[in-house]
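Heads up, the thing below is written out as structure tokens.
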Amino acid sequence: MLNKTYAPAETDPKLYDAWERAGAFAADPDSNAKPFTIMVPPPNVTGSLHVGHALTFTIQDILIRWQRMRGRDVLWQPGTDHAGIATQLMVERLLQSEGTSREALGRDGFLSRVWKWKEESGGTISRQLRRLGASLDWPRERFTMDDGLSTAVREVFVTLAKEGLVYRDRRLVNWDPKFQSAISDLEVESREVRGHLWHIRYPVADMPGTFITVATTRPETMLGDTAVAVHPTDARYADLVGKHAILPLTGRRVPIIADDYSDPERGTGAVKITPAHDFNDFTVGQRHNLPMPSILDRAAQVTLGEIEGELAAVEGVADPAFVRRLARMGRFEARKEIVAELERLGLLEKTEPHTHQVPHADRSGVPIEPLMTVQWYCNAGVLAKPAIKAVESGRTRFVPQQWENTFFAWMRDIQPWCISRQLWWGHRIPAWYGPDGTVFVERTAEEAAEAARAHYGQPTTLTQDDDVLDTWFSSALWPFSTLGWPEKTRELARYYPGDVLVTGFDIIFFWVARMMMMGLHFMGDVPFSTVYIHGLVRDERGQKMSKTKGNAVDPLEMIAEYGTDALRFTVAALTGPGRDVKLGKRTIENYRGFVTKLWNAARFCEMNGIAPDPTFKAVDATLPLTRWILAELSDAVQEASAALEQYRFDEYAAAVYRFTWNSFCDWFLEFAKPALADSQSADASEVKRTAAYTLGVLLRLLHPAIPFVTEALWDDFGYGPPGSLIREHWPEPFDVPGARAARDELDWVVRLITEVRTVRAEMNVPPSQRSPILLKDAPREVIERAARWRDAIGRLARASEVRPLNGEVPSGVAQAVLDETTIVLPLSGLIDIAQERTRLERERAKVAGDAEKIARKLENADFVARAPEEVVAENRERLAGLRGEVARMEAALARLG
RNA sequence: GGGCGGUUAGCUCAGCGGUAGAGCGUCUCGUUUACACCGAGAGGGCCGGCGGUUCGAAUCCGUCACCGCCCACCA
């Protein structure tokens, strides 16, 4: 006997354990079935489950469970990402609380500490994914820094380096002064900053009293200026081009140059050029062959090394002593000092408030500093070309398709990817340097030593590159590194390329694009044929969720409170194409009601002795009721499958919800009650067997979304052995004999009951007050129908009897029109004639209005001539029907007197 | 500055050429062989504005307005 309510907290983990122990999630490389593969986007090993995970993993698990039921050999590849910066920072904080530090432990000590942390606490997210019901193939779990995956990383790096697609370069890089590492363009985000625009007078050399004024938001970088640029056509400055300016503070003579980069509309039209600290200035510097002194170090503190020798005292303009005091000062403090000094010297023309976008490091949150360093780069431009082609040709498609534009826009203008990071935690770059700086890129230290011996003609001591690779470098290999590449494993042959990649739009560039590039380059094929892009999870008001705002929904809390199924169904119901998911506690609570509804419906079935009957076939159904619910069920199967086929999780949820609640519970079970009450009745057996069949199909339809409650019911009813629903076959639409007639009949009964209920509710008739339902002008089929459904109508429409009305309509009755029949409800004493007249008049007006609209349409000669025949015919028919109704309503009104 | 998405019932959204829909919320009623995490009924909409195409536009095209996001830009 089922409990009064479903208790997910106790039941769900047991069901999950049973599935996992039984190997229900396991891929089977030996099977003959067609594979279906999803590579999980590996969560950070430091992570814990948040709503974003709940969304993405629910979607994936729905697809996975659905395809598994369809008989595919499903591989859902699990794993975690080492997440370089995030993990290193986390362990560093841990060390800090223990009174030690990364530096104190040294590189090796620190790394073993991180590994130890990973062994002890790195499994949190995997445990939490189990609570979400995610049916991942756990024994295949991988970690991006596993031996195998690390081999893959080295193999890719070395191969690309030998192909010239990975190389070292000295150029400006986005530098994070807080973490003191290079970062890629993607890790930079613009933030609006309210700052100032300082207008600074640079004296023109050999022209005493003449100044050229530049405007800047970063006066501290002027220490590294090596030119002032004006636009070639700017008449204001034409005479000054070719002359020199005296750089205030340092006294350096810098040329005044003409360059298109200068925009006469902005600032003063003259712009200071600091090639070593600004990306635009860098290109100007290259064009004009300017010196590029760095004046900020890796911590973004002033460093004078490259300009020390050039400092010159100039009366009233430059003072080497002042500049020397700036050494090792932070960039923002130096800015203040420099502004004060310029003011003192009378060289500060004016200061304006100025709001502008400043690039920040997304991780550390500090403004990035363009810095001249040597880094490793990947030539993404070359790798991007086949990836673009693959999407253009449809080999890989995006759902929703609009994201292809985003992908193309970025890929077609892709910049070299800086892949080295000045961190310790990550894949160490497999490059070794000889004493003279010669670089040996090899898979192992031994191979590098071998290469060095060949190069130098003798054994030579090498030093390995200190840097590690961008975390996304190893993520880019995930679709094949997890399958054993570079070994030629049978998994690799079978499960690459995968089918679907599910992820958020925020990492299309970070991850999707790079997997495409690497997959095509190393496997010769795309890593997946479909990329399903979902939205972001937001709170009920559409705000981004964040811990600081306090509006974050904790999925584990929701699971504890409402059960996993409620959370999952909510997510599915809200996941429309290209839309963010606005998730609130109330919504989850609401869908928990759906899970309960299903549970109670099943309980009701159980209480009535409804049990699976494997011999039952839909084609054997003979009754209108059973034929009708089976036809509805077949439609629901069809709708659910079509929705999943198109990644319409919202439509899938809506279809199964509607069928369960409206068709099965509200009408079928209610109509079934008379038959169930009398187990000897002729219909009882067929009704029960149909109910059992319907429930069985329904559980299968619902399983991908709400796996726990469906498996619990499946097991309890004994549809199969415990834990078998997960591998049960997905239902197919089926034929039902006489479906059309059954639908016509049930449709009529439902409309009759609804009509009577509406009248009674509007007349405030108490439910205890039963009334006869008299059918005036009813054709014979209708009278027969009414007789067949006497019990159900009696129950659901509170009728004492249902019969044709022969003769006069008594007075003091309520009336309603249903097709050609007028329903008469003698409710003597309860009917207020005036009120009834108002009600009927309102109805009449509504129907007459509809009729009028159609009549006007049909009077339009163009419509009749040009609209398709069926549409015209349909309208004619409708008009006739509506006019009939109006006439009957008018007759009813007349009878009221 | 370039691009993408959105604007439909109080809220969240579906519908994307032929009778304006759902869920929630609101109001009224309710101890009926499961379910109050429930049942029955009702109210609620110039489908953002303006133009166009069409026999017919929420739906297609153009344009404007507002909202959100992405990319670029430290004068």
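Just so we're on the same page: letters track the sequence lines, and every chain starts at 1.
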**Study point:** Atom pair distance, as rounded to whole Å: CZ in A/R579 and C1' in B/rC67
**Key:** 12 Å
Study note, to complete from the structure: Taking for A/V864 and for A/T596 the nucleotide of RNA chain B with the nearest heavy atom, the one nearer the 5' end belongs to A/T596
Review point. For atom CD of A/E877, is the number of surrounding heavy atoms from other residues, nucleotides or ligands below 6.0 Å larger than 12?
Key: no
Practice item. On RNA chain B, check which nucleotide each of A/V871 and A/L676 is closest to and give me the residue with the more 5' one. Key: A/V871
**Study point:** A/E874 CD: over 12 foreign heavy atoms closer than 6.0 Å
**Key:** no
Point to revise | Of the listed nucleotides B/rG39, B/rG23, B/rC55, the one nearest the side chain of A/W661 | key: B/rG39
Practice item. For nucleotides B/rA20 and B/rC13, find the distance between their C1' atoms and express it as a whole number of Å. Key: 14 Å
Exercise for review: Would you indicate what A/A867 reaches in the nucleic acid, counting non-hydrogen atoms under 4.0 angstrom: base, sugar-phosphate, or nothing?
Suggested key: base
Exercise for review: Step through the shown structure and confirm whether more than 12 heavy atoms of other residues, nucleotides or ligands are within 6.0 Å of CD on A/Q401.
Suggested key: no
**Study point:** Ion pair A/E651/A/R658, N-O distance below 4.0 Å
**Key:** no
Check your understanding: Which part of the nucleic acid, if any, lies within contact of A/R795, taking any heavy atom under 4.0 Å across all strands shown: a base, the sugar-phosphate backbone alone, or nothing?
Key -> base
Review point. Could you walk me through whether A/W599 and A/Y6 pass the ring-ring contact (aromatic ring centres under 6.0 Å, His included) check?
Key: CA-CA 7 Å; A/W599 181 261; A/Y6 181 59; 5.0 Å; yes
Point to revise | Nearest-Å distance once atom C1' is located in both B/rG17 and B/rU54 | key: 9 Å
Check your understanding: Touch check for A/C665, heavy atoms < 4.0 angstrom, all strands: base, sugar-phosphate only, or nothing?
Key -> base
Check your understanding: A/S262 near the nucleic acid: base, sugar-phosphate alone, or nothing, with a heavy-atom cut-off under 4.0 Å?
Key -> base
Check your understanding: Hey, does A/D850 reach any base, or is it just sugar-phosphate, or nothing, if we go heavy atoms under 4.0 Å?
Key -> nothing
Study note, to complete from the structure: pair_partner(B/rG18), Watson-Crick or wobble, both distances < 3.5 Å, evaluates to B/rC55
Exercise for review: Indicate, with a heavy-atom threshold strictly under 4.0 Å, whether A/P766 touches base, sugar-phosphate, or nothing.
Suggested key: nothing
Check your understanding: Which part of the nucleic acid, if any, lies within reach of A/E670 when heavy atoms closer than 4.0 Å are counted: base, sugar-phosphate only, or nothing?
Key -> base
Review point. Of the candidate nucleotides B/rC73, B/rA75, B/rG39, which contains the atom at the shortest distance from the side chain of A/D666?
Key: B/rG39
**Study point:** Watson-Crick or G-U wobble mate for B/rG62, both contacts under 3.5 Å
**Key:** B/rC50
Practice item. Consider the side chain of A/R603, meaning its heavy atoms from C-beta on, and name the nucleotide among B/rA20, B/rG41, B/rC35 that approaches it most closely. Key: B/rC35
Exercise for review: Identify whether any heavy atom of A/V214 sits under 4.0 Å from a base atom; if not, whether one sits that close to sugar-phosphate; answer base, sugar-phosphate or nothing.
Suggested key: nothing
Check your understanding: Checking all strands, does A/R760 fall into the base, sugar-phosphate, or nothing category for heavy-atom contacts under 4.0 angstrom?
Key -> nothing
Exercise for review: Nearest whole angstrom, please: distance from the C1' of B/rA72 to the CZ of A/F509.
Suggested key: 12 Å
Check your understanding: Taking the six-membered ring for Trp, is the centroid-to-centroid distance between A/Y532 and A/F649 below 6.0 Å?
Key -> yes
**Study point:** Nearest-angstrom distance, P atom, B/rU59 to B/rU19
**Key:** 14 Å
Exercise for review: In whole angstrom, give me the gap between the P atoms of B/rA58 and B/rG2.
Suggested key: 32 Å
Check your understanding: Heavy atoms under 4.0 Å, any strand shown: does A/N280 hit a base, just sugar-phosphate, or nothing?
Key -> sugar-phosphate
Study note, to complete from the structure: Across every strand shown, the nucleotide meeting Watson-Crick or G-U wobble geometry with B/rA34 (both distances under 3.5 Å) is none
Check your understanding: For A/H354, which contact category applies under a 4.0 Å heavy-atom criterion: base, sugar-phosphate, or nothing?
Key -> sugar-phosphate
**Study point:** Closest to the A/Q402 side chain, choosing from B/rG39, B/rG5, B/rA42
**Key:** B/rG5
Revision key, fill the gap. Side-chain contact check for A/Y657: nearest option of B/rG18, B/rU12, B/rG23 is B/rG23
Check your understanding: What is the base-pairing partner of B/rC11, counting Watson-Crick and G-U wobble geometry with both distances under 3.5 Å?
Key -> B/rG23
Practice item. For the side chain of A/A761, starting at C-beta, report the closest nucleotide among B/rC13, B/rA40, B/rG41. Key: B/rG41
Exercise for review: For A/R648, answer base if it contacts any base atom (sugar-phosphate contacts may also be present), sugar-phosphate if it contacts only those atoms, and nothing otherwise; contact means non-hydrogen atoms under 4.0 Å.
Suggested key: sugar-phosphate
Review point. Which one, B/rC37, B/rG6, B/rA34, comes nearest to the side chain of A/R592?
Key: B/rC37
Practice item. Give one of base, sugar-phosphate or nothing for A/R757, where a contact means two heavy atoms less than 4.0 Å apart. Key: sugar-phosphate
Review point. Looking across every strand, which nucleic acid part, if any, lies under 4.0 Å from A/Y261 by heavy atom: base, sugar-phosphate, or nothing?
Key: base
